[in-house]
Amino acid sequence: MVMKAEYVKYGRMISHLESAATSSNHSGNPTTFAFAHSDSFVWWDWERWEKEIDWMALQGVNLPLAFTGQETIWQKVLENFNISKNDLNDFFGGPAFLAWARMGNLHGWGGPLTQSWLDKQLALQKRILSRMVELGMTPVLPSFSGNVPAALKKIFPSANISRLGDWNTVNGDPRWCCTFLLDPSDPLFVEIGEAFIRQQVEEYGDVTDIYNCDTFNENSPPTDDPTYISLLGAAVYKAMAQGDKDAVWLMQGWLFSSESTFWRPPQMRALLHSVPFGKMIVLDLFADVKPIWRRSSQFYDTPYIWCMLHNFGGNIEMYGLLDVVSSGPIDARVSQNSTTVGVGMCMEGIEQNPIVYELMSEMAFRTEKVQLQEWVTTYSQRRYGKAVHQMEEAWGILYRTIYNCTDGIADHNRDFIVQFPDWDPSLKPKAELSKQEQMQNPFMRDRTRRFSFRETISFLTQPHLWYSTEEVIYALHLFLDAGNDLAGSLTYRYDLVDLTRQVLSKLANQVYMDAVTAFQQKDIKSLNFQSQKFAQLIKDIDTLLACDDNFLLGTWLESAKRLAENPKEMIQYEWNARTQVTMWYDNTQNNQSKLHDYANKFWSGILESYYLPRASTYFSYLLKSLRENVTFELEEWRREWISFSNRWQAGRELYPVKAQGDALTVSKELFKKYLT
């Protein structure tokens, strides 16, 4: 999302609600509070929050999520149900994993939370809410979803409390997995839910009537009986309404996409109609790729918000669907019997792809589809403060390619540098090798061709590629040509670094595939060459990213450590920050986390200190296999790199927090080195 100066790269989550006489904005995906680029909500201090809120006000945002500090509210509420502070140590997740603990996916991972953390977060939340209300916003507060500490089952043995199944642990480790859910049909559910709402009102005052609850997010009810589902929904709302008689339930619609086999029309209708009309608003969370409104009779007459999800895991990847963004909200609004009440942005991570969020923020105020060719030209002029013909042409190319993904695949960056494959390439069938050998190189000079790694090895997860890389290389050439005119522009520097990174990371994907092919053909010389080239690309991209403040690992780590009040907290917070962007979740000696690299980042510091050793070790095992004519030791490599990762997660090394080097000079050198 583009603003001025320091806001040049920021993306935001927004929803814009409309009625006949008024308009309002909502802000919305809980995981955004954990994932981010450069900074994360969880590590933000008041100074950073104040900038964010002021930015939201400038964009007309008026219904932002306000989830900070809720653990402190829960501590106070659950104390009245005889839950001790010690009981909560196993319930709350660590700072970098709070979003998933709140949703009942995990418990205890990265924790416990200290009383210092809890107290400071509550104080911060009060400042956040005060500023939001001062600027005319209506915050969205959390409500009770049924997620409870294990101790509650002992205190209330007759309560209908069930233990959920495993969520992505390696082997069902009960220390982190299988959280406890209080059934909404149990009277205790309403009692706790009401107490939570009332405690928030006591702490914050009467600042809102809108509450978020996602009891069924990636957690289907025990039966698909519509009558039962209706009773559950009614109980969830009753808990809100007894705490606030004017309560409105704001619910993510992600469950209708992620669990579509369960949420068929009768089940959807039962949940959506379980509350009084007008007391529920649904976020069509993934409307930019998989809109639910089209196949659900407009959510069966329930008001909804057309949302763009766009980003997963806070990954750094140039990607977008500008045509969809410019038309989707309009199509929804003018459709027959439309129930849409606004537009929204609900990405998991922020501060990436400014052009996408710039356009999306405008859609809250537009009544007609945008003429994008003209808009993109104007965007270039606004972004750099003047008209530069090379930049206008370059952005026209990027609009047609990178920002025109039409394959329907949700983008989650799986470039081999940041999500290195964990597989044995010697198992590849010979028939597939023949197909691979004939595969088109994505960097060939034919601009009319498209390339997709999905056309190659069937059992190797392939990076997403939906555009002509050759056209994008030409756009980068135009960027470099304009460098002398824009060298002092911060927005130009950011875009140049990002585009160069994008091009080189896609090149690295092909280099990796060439290395695999060399291994499969038992070509030691070629494997050695390609593996060294892959390693050098990692080093060079790291040097490139170091040229801009927005691509630094050090910023992320230092923001976490700044919140610590003592050395013990500092160690814990840094471990949280390091773990989220690498292994993410639990592992064994031989099995990496199922969520490893989910929140991967193209940041200077992490490339050379983490991704490079991992890749280099892997290639060394491949070379050993060929040189000694032995089987590739996949398990040995796994043990070595998992051990390395765990040491890195616990590391204390310092990384720069200020940019080093000239972006234009470095980008020119790398273009000459790899692309000419």
Side-chain angles (χ1 to χ4, degrees), residues 1 9-13 29 31-32 35-38 40 286 288-289 308-322 324-325 345-360 397-421 442 450-454 461-469 471-473 475-476 494-510 512 537-538 541-542 544-545 548 550-551 553 556 580-582 584 596-604 606-607 611:
M1 180 76 64
K9 70 287 180 185
Y10 294 168
R12 295 292 177 271
M13 53 176 196
N29 185 332
T31 58
T32 313
F35 288 133
H37 168 23
S38 289
S40 175
F286 207 13
D288 50 328
V289 176
M308 177 188 75
L309 203 164
H310 182 259
N311 179 272
F312 290 88
N315 298 158
I316 300 171
E317 166 93 299
M318 293 181 72
Y319 158 81
L321 304 88
L322 295 188
V324 173
V325 170
M345 291 190 280
C346 300
M347 51 283 191
E348 285 190 351
I350 61 175
E351 299 178 9
Q352 33 73 31
N353 289 290
I355 190 172
V356 175
Y357 300 104
E358 180 78 3
L359 176 62
M360 190 65 210
I397 294 171
L398 296 180
Y399 158 53
R400 296 194 306 270
T401 54
I402 284 177
Y403 292 110
N404 189 33
C405 182
T406 59
D407 61 13
I409 296 176
D411 190 69
H412 189 167
N413 195 336
R414 292 186 172 88
D415 287 341
F416 291 136
I417 287 178
V418 294
Q419 191 163 2
F420 199 77
R450 289 178 179 267
F451 176 87
S452 172
F453 278 113
R454 291 181 295 110
T461 300
Q462 305 297 331
H464 187 198
L465 186 60
W466 62 97
Y467 58 85
S468 162
T469 53
E471 287 189 83
V472 174
I473 291 171
L476 176 57
Y494 173 88
D495 292 343
L496 176 64
V497 169
D498 203 21
L499 181 56
T500 307
R501 174 211 55 75
Q502 180 83 6
V503 169
L504 294 181
S505 66
K506 301 309 175 189
L507 173 60
N509 291 339
Q510 184 58 45
Y512 171 86
L537 274 163
I538 296 177
I541 296 174
D542 193 287
L544 168 74
L545 296 171
D548 189 275
N550 300 288
F551 298 98
L553 170 64
W556 168 259
Q580 193 212 79
V581 298
T582 54
W584 207 103
H596 74 91
D597 299 318
Y598 182 86
N600 66 67
K601 299 291 188 289
F602 269 102
W603 284 339
S604 177
I606 195 172
L607 264 74
Y611 298 136

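Nothing here was measured: the structure is a model prediction, and the numbers come from that model.
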Steps toward side chain to side chain contact (heavy atoms under 4.5 Å, CB included) verdict (Ile606, Thr582): CA-CA 9 Å; Ile606 195 172; Thr582 54; 3.9 Å; yes

Cationic N near anionic O, under 4.0 Å, Lys506 to Glu317: yes

Trp584 side-chain N/O to Ala599 backbone N/O, donor-acceptor pair under 3.5 Å: no

Nearest heavy atoms of Val356 and Gly320, plus distance in Å: CG2-CA, 4.0 Å

Check: Tyr357/Gln352 side-chain N/O donor and acceptor closer than 3.5 Å: yes

Nearest-0.5 Å distance, SG of residue Cys405 to CE of residue Met318: 13.5 Å

Short side-chain donor-acceptor distance under 3.5 Å, Asn413 and His464: no

Tyr512 and Phe416 aromatic ring geometry - parallel, tilted or perpendicular at 30°/60° bounds: tilted

Side chain proximity check, Thr401 to Thr469, heavy atoms < 4.5 angstrom: no

Heavy-atom check, side chain of Leu309 versus side chain of Asp288, under 4.5 Å: yes

Where Lys601 and Gly313 come nearest, the two heavy atoms and their spacing: NZ-O, 3.1 Å

Shortest non-hydrogen contact between Met308 and Val325, atoms and distance: SD-CG2, 3.7 Å

Distance-minimising heavy-atom pair for Leu398 and Ala475: CD2-CB, 3.9 Å

Residues Tyr399, Ile355; criterion side chain to side chain contact (heavy atoms under 4.5 Å, CB included); working and verdict: CA-CA 10 Å; Tyr399 158 53; Ile355 190 172; 6.0 Å; no

Under 3.5 Å side-chain donor-acceptor pair for Gln502 and Tyr319: no

Modelled atom types, side-chain donor and acceptor of Asn315 and His412, under 3.5 Å: yes

Residue pair Tyr403, Tyr467: steps toward the ring-ring contact (aromatic ring centres under 6.0 Å, His included) verdict: CA-CA 9 Å; Tyr403 292 110; Tyr467 58 85; 9.3 Å; no

Student check: side-chain heavy atoms of Leu545 and Leu607 closer than 4.5 Å: yes

Given Leu504, Asp415, Leu465, Leu537, the one that forms side-chain contact (heavy atoms from CB on, under 4.5 Å) with Asn509: Asp415

Within-4.5 Å side-chain heavy-atom neighbours: Thr500 and Asp498: no

From CA spacing to verdict: side chain to side chain contact (heavy atoms under 4.5 Å, CB included), Asp411, Ile409: CA-CA 6 Å; Asp411 190 69; Ile409 296 176; over 6 Å; no

Beyond-backbone contact of Asp597 with Val418, side-chain heavy atoms, under 4.5 angstrom: no

Mutual orientation of the aromatic rings belonging to Phe551 and Tyr494 [parallel < 30°, tilted 30-60°, perpendicular > 60°]: parallel

Rounded distance (nearest 0.5 Å) linking atom CG of Asn353 with atom CE of Met347: 10.5 Å

Centroid-centroid distance, Phe602 to Tyr611, less than 6.0 Å: no

Check against side chain to side chain contact (heavy atoms under 4.5 Å, CB included), Asn550 and Glu351: CA-CA 9 Å; Asn550 300 288; Glu351 299 178 9; 5.7 Å; no

Between CG on residue Asn311 and SG on residue Cys346, distance to nearest 0.5 Å: 12.5 Å

Nearest heavy-atom neighbours spanning Leu476 and Leu496: CD1-CD1, 3.9 Å

